[in-house]
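What follows is one structure encoded as structure tokens, with my remarks underneath.
Sequential numbering from 1 along the given sequence is applied to the chain's residues.
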Amino acid sequence: MDKRKLLTKNDYSKIYRLYADDYGKDNEHFDLIDKSIDIVTQRNLLKYQVIDLGTGPGNVTDYLLNKNISNIIAVDFSPEFIRFLKKKYSGNKLIHVVCSDMLEYLKQRKPSSACLITAGFSIIHVVDKEVDELFKEIHRVLVPGGLFVMSCFKGVYKGREKEPYQTQKDKRLVVEKPLELYMNYFTENELQKRTEKAKLKIVELNTYPSVTSELIDFTADKNWLLVEK
């Protein structure tokens, strides 16, 4: 596995409990998820599966469930999050949890087999050389008229960063060894060009200003993107 992926995977193995506590119920700026659900419902596409890429603690999956979406595939590459999700959704037949790299998972999917794909702040960890291929696979896996909604941080930097919980000196994180993860920021123009290259048509693209909270300080603005096949 790419060293940058390994660093990110190891980082989440140390912070997953904190991350779940802090962001497990986060549904801020989910307007485009609402819009995507409305559109696939109107297009009568919910007979196909819904895929949540980079599920993490399951905040997007929970939101989909609360909107009466079923047949959800929750994908994450962190074994710790997978154990967390399997325990969380134990006995829930509406969800199937898969431990996999998101690109590798999509490559194994049949064409036109999903109506909606979500990626809530997860593509921020995809190494840049794989992003175009990931968008191409998303296009292949979506049914005609299917939708993809993602969120990311706005910017141009693509590379390794120190773990924010450590740089913020969060006392809850008791890890002495320095942690790093890979971060991929996107500008609006970049998102437009790269999704159009994958033949995905933009429905809506919104940018929200950064908000500093007591939990953690992300100074980057947030981009939310909705595209269709």
Would Val175 and Tyr165 count as a side-chain contact (heavy atoms from CB on, under 4.5 Å) if you check the C-alpha gap in whole Å, the side-chain angles of each, and the deciding distance to 0.1 Å? CA-CA 10 Å; Val175 179; Tyr165 280 113; over 6 Å; no

Under the side-chain hydrogen bond (donor to acceptor under 3.5 Å, both in side chains) rule, what do Tyr89 and Asp62 come out as? Steps first, then yes or no, please. CA-CA 10 Å; Tyr89 299 124; Asp62 287 343; 2.6 Å; yes

Apply side-chain hydrogen bond (donor to acceptor under 3.5 Å, both in side chains) to the pair Asp76 and Tyr16, showing each step before the final yes or no. CA-CA 12 Å; Asp76 203 282; Tyr16 79 98; over 6 Å; no

Evaluate Val50 against Leu64 for side-chain contact (heavy atoms from CB on, under 4.5 Å), listing each step before the verdict. CA-CA 9 Å; Val50 174; Leu64 293 170; 3.9 Å; yes

Tell me, with the steps shown, if Gln42 and Asp38 meet side-chain contact (heavy atoms from CB on, under 4.5 Å). CA-CA 6 Å; Gln42 293 168 7; Asp38 289 342; 4.3 Å; yes

Please report the C-alpha distance between Val75 and Ile73 in whole Å, then the side-chain angles of each, then the deciding distance to 0.1 Å, and finally whether the side-chain contact (heavy atoms from CB on, under 4.5 Å) criterion is met. CA-CA 6 Å; Val75 182; Ile73 309 297; 3.9 Å; yes

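Met102 is not connected to Tyr19 by any chain of hydrophobic side-chain contacts under 4.5 Å among Ile, Leu, Val, Met, Phe, Trp and Tyr, and they are in different clusters. Both Val98 and Leu142 belong to a single network of hydrophobic side chains, linked directly or stepwise wherever heavy atoms of I, L, V, M, F, W or Y lie under 4.5 Å apart. Cluster membership for Phe186 and Tyr208, using ILVMFWY side-chain heavy atoms within less than 4.5 angstrom, is not shared. Hydrophobic clustering (side-chain heavy atoms under 4.5 Å, transitive across Ile, Leu, Val, Met, Phe, Trp, Tyr) keeps Ile124 apart from Met150. Linking Ile, Leu, Val, Met, Phe, Trp and Tyr residues whenever their side-chain heavy atoms come within less than 4.5 Å places Ile37 and Ile39 in a single cluster.
When the shell of 6.0 Å around NZ of Lys86 is examined, it contains 12 or fewer heavy atoms from other residues, nucleotides or ligands. Within 6.0 Å of the NZ atom in Lys158, the count of heavy atoms belonging to other residues, nucleotides or ligands exceeds 12. Dense packing is recorded around NZ of Lys88, with more than 12 heavy atoms of other residues, nucleotides or ligands lying under 6.0 Å away.
No donor-acceptor distance shorter than 3.5 angstrom exists from the side chain of Glu137 to the backbone of Leu103, with no hydrogens or angles considered. Distance alone, capped at 3.5 Å, places no donor-acceptor pair between the Asn27 side chain and the Phe30 backbone. A donor-acceptor contact shorter than 3.5 Å is absent between the side chain of Asp221 and the backbone of Lys154. Not a single donor-acceptor pair under 3.5 Å links the side chain of Arg43 to the backbone N or O of Pro144. Looking only at distances, no side-chain donor or acceptor of Gln168 sits under 3.5 Å from a matching main-chain atom of Asp170. Checked by atom type and distance alone, the side chain of Ser151 pairs as donor or acceptor with a backbone atom of Phe121 at under 3.5 Å. Panel note: side chain Arg172, backbone Leu18; no donor-acceptor pair is recorded below 3.5 Å.
The two residues Ser36 and Val149 come nearest to each other via the heavy atoms OG-CG1, 4.3 Å. Across all their heavy atoms, Gly145 and Leu45 have their closest contact at O-CD1, 3.5 Å. Scanning all heavy atoms of the two residues, the minimum distance from Ser112 to Lys229 falls at OG-NZ, 3.6 Å. The two atoms that bring Tyr48 and Ser113 nearest to each other are CB-O, 4.1 Å, heavy atoms only. Of all heavy-atom pairs between Leu106 and Val141, the closest is O-CG2, 3.7 Å. Across Asn184 and Val126, no two heavy atoms sit closer than the pair ND2-O, 3.0 Å.
Ion pairing between Glu163 and Lys14 fails under the 4.0 Å rule for side-chain N and carboxylate O. Taking a cutoff of 4.0 Å between a charged side-chain nitrogen and a carboxylate oxygen, Lys107 and Glu104 qualify as a salt bridge.
Screening Leu116, Val60, Ile69 for a side chain to side chain contact (heavy atoms under 4.5 Å, CB included) with Ile33, the sole residue that qualifies is Val60.
For His125 and Phe77, the distance between ring centers is not under 6.0 angstrom.
The cationic atom of Lys9 (NZ for Lys, CZ for Arg) does not lie both less than 6.0 Å from the six-membered ring centre of Tyr182 and within 45° of the ring axis.
Distance CG/Leu200 to CG/Leu147: 10.0 Å, rounded to 0.5 Å. Note: Asp101 CG to Glu130 CD = 6.0 Å, rounded to the nearest 0.5 Å. In this structure, Ile95 CD1 and Ile72 CD1 are separated by 5.0 Å, a value rounded to the nearest 0.5 Å. Atom CD1 of Ile15 is separated from atom CG of Asp11 by 4.5 Å, given to the nearest 0.5 angstrom. Tyr12 OH to Glu80 CD: the interatomic distance, rounded to the nearest 0.5 Å, is 12.5 Å. Taking CD1 from Ile202 and CD from Glu188, the interatomic distance works out to 10.0 Å, rounded to the nearest 0.5 Å.
Between Phe153 and Tyr185, the angle of the ring planes lies from 30° to 60°, which puts this pair in the tilted group. Ring pair Phe84/Phe81 is perpendicular by interplanar angle, where above 60° counts as perpendicular and below 30° as parallel.
The closest side-chain heavy-atom distance from Leu181 to Leu7 is not below 4.5 Å.
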